[in-house]
K.L.:
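Let me give you the structure first, and then I'll get to my questions.
These numbers were taken from a predicted model, which means no experiment stands behind them.
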Amino acid sequence: MSDQRANGPHLPDDWTDHPATARIDDWLTGGCENYEADRALAERLVRAAPGLPDMVAINRRHRPHAVTVLARPGDGELGITQFLDLGCGLPSQWNRKLQRHDPALTYEAARLVHPDARVAYVDHDPAVYAHARTELDTHPATTAVYADIRRMDELLASPGVQRLDRSRPIAVLLHDLLPWVSDHEAQQAMATLRAWLPDASALSVTHACTDLAPQTLADLAACYAEAGLVYRPRLREDIQALLGDWSLLPPGLVPTAQWRPLPPTASRRRPRAEHSFAYAAIATAPPRRHDPPSTGTDTVVAEPPFTAAPQAARRADARTDAD
């Protein structure tokens, strides 16, 4: 059941001539939904950061792991049955032996715990949205939404998102999404979500971090910039600030590969943990609201944006220290 505008988003005639981050990630993880422009930029990125394929693989494998933790019921667990997957990207490859995608998609991981779990997938890339509609329309409790977190009011008001029941907790996934928007846009989106989500909800975030590998992340950002793509890895303290006053599940905000690490599998090569180049956290809503949820979006007063100059100075200091 897809959520689409009129006849759907328009794909320009030359859309395959320009690299797209979702298709770059697809190529880096062995997929086939990519084109020459994507492969050319991906090869330059890997020359700048040889650990990038591991970084992308770690992030992809973290998604079903986080969903399982969010969905699992029991003492001290969350037991969430509704998921809003922002920046869902292209699906991973189908595994015939497992009879699912590998790594598992959000709805696959959620339904291993809750057969009636509901998932809304969101992306602003028209090609990704088209894939989501094709992959997900056969599943009655999933919906694909064409929307952009930079216009959060429109996103939350879309029919697909409105199908989620705001009288019950919702888990929002923002995996490798916030580095692609400005400081102000990231902070505004997170503040809006924290105000909109019902009690006992959760935010699952992964975010590239300059603290872990300053020079590598600077080289990646420069390589993306040459292709006209703005990539903003942030300092750990700035990622922490995006989570506001919400509580973090143990082990807190840590490198993605260190977030409740799973045992290695014999079926495939394990990415090197030191190539995470990103932090992960799950933040849970404090039990602080007693008013009934509204049916629409809430007006949110923007928090003060990050000050660019101090942040840039800290990044410059970090790069100098690394050198």
K.L.:
Parallel, tilted or perpendicular: which one describes the rings of Tyr231 and Tyr224, with boundaries at 30° and 60°?
P.N.:
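The arrangement is tilted - the two ring planes meet at 30° to 60°.
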K.L.:
Strictly below 4.0 Å, N to O, side chains only: are Arg23 and Asp26 in salt-bridge contact?
P.N.:
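Looking at Asp26 together with Arg23, the answer is no, because their closest N to O distance does not fall below 4.0 Å.
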K.L.:
Determine which pairs satisfy salt bridge (charged side-chain N to carboxylate O under 4.0 Å, His left out) with at least one residue from residues 81-99, sequence neighbours left out, and list them in order.
P.N.:
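Listed once each, the pairs are Arg63-Asp85.
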K.L.:
Would Thr192 and Gln188 count as having a side-chain donor-acceptor pair, cut-off 3.5 Å?
P.N.:
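A pair is found: one side chain offers a donor N or O, the other an acceptor, under 3.5 Å apart.
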K.L.:
Going by the side chain to side chain contact (heavy atoms under 4.5 Å, CB included) test, name the single residue among Asp238, Ile149, Ile239 that passes it with Leu178.
P.N.:
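Of the listed options, the one satisfying the test is Ile149.
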K.L.:
Looking only at side-chain N and O atoms, does His65 offer a donor or acceptor that is under 3.5 Å from a partner on Arg260?
P.N.:
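No.
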K.L.:
Among side-chain atoms of Arg168 and Thr81, is any donor-acceptor pair under 3.5 angstrom?
P.N.:
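There is such a pair (donor and acceptor under 3.5 Å, judged by atom type) between the side chains of Arg168 and Thr81.
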K.L.:
Just by modelled atom types, is the Ala57 backbone N or O under 3.5 Å from a matching donor or acceptor in the Thr29 side chain?
P.N.:
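Answer holds: no.
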K.L.:
Look only at the side chain of Thr206 and the backbone of Ala280, and say whether a donor-acceptor pair between them is shorter than 3.5 Å.
P.N.:
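Side chain of Thr206 to backbone of Ala280: no pair is present.
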K.L.:
Of all heavy-atom pairs between Ser92 and Arg60, which one has the smallest distance, and what is that distance?
P.N.:
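Reported closest heavy-atom pair: CA-NH1, 3.5 Å.
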K.L.:
According to side chain to side chain donor-acceptor pair (under 3.5 Å), who are the partners of His62, at least two apart in sequence or on a separate chain?
P.N.:
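Side chain to side chain donor-acceptor pair (under 3.5 Å) list for His62, sorted by chain: empty.
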K.L.:
Within 45° of the six-membered ring axis of Tyr279 and under 6.0 Å from that ring's centre, is NZ or CZ of Arg236 located there?
P.N.:
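Because its charged atom sits under 6.0 Å from the ring centre and within 45° of the axis, Arg236 does stack over Tyr279.
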K.L.:
Mind jotting down which residue pairs meet the ring pair (Phe, Tyr, Trp, His ring centres under 6.0 Å) criterion with at least one end in residues 16-36? Sequence neighbours excluded, please.
P.N.:
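Listed once each, the pairs are Trp15-Tyr35.
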K.L.:
Quick one: does any side-chain atom of Gln93 pair with a main-chain N or O of Gly30 as donor and acceptor, under 3.5 Å?
P.N.:
yes
K.L.:
Centroid separation under 6.0 Å, is that true for the rings of Tyr129 and His131?
P.N.:
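When the ring centroids of His131 and Tyr129 are compared, they turn out to be at least 6.0 Å apart.
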K.L.:
Quick one: do the His124 and Asp148 side chains pair a donor with an acceptor below 3.5 Å?
P.N.:
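On atom types as modelled, these side chains do not qualify, holding no pair under 3.5 Å.
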K.L.:
Closer than 4.0 angstrom, basic N to acidic O: yes or no for Asp183 and Arg234?
P.N.:
yes
K.L.:
So, Gln162 side chain and Leu156 main chain: donor-acceptor pair closer than 3.5 Å or not?
P.N.:
yes
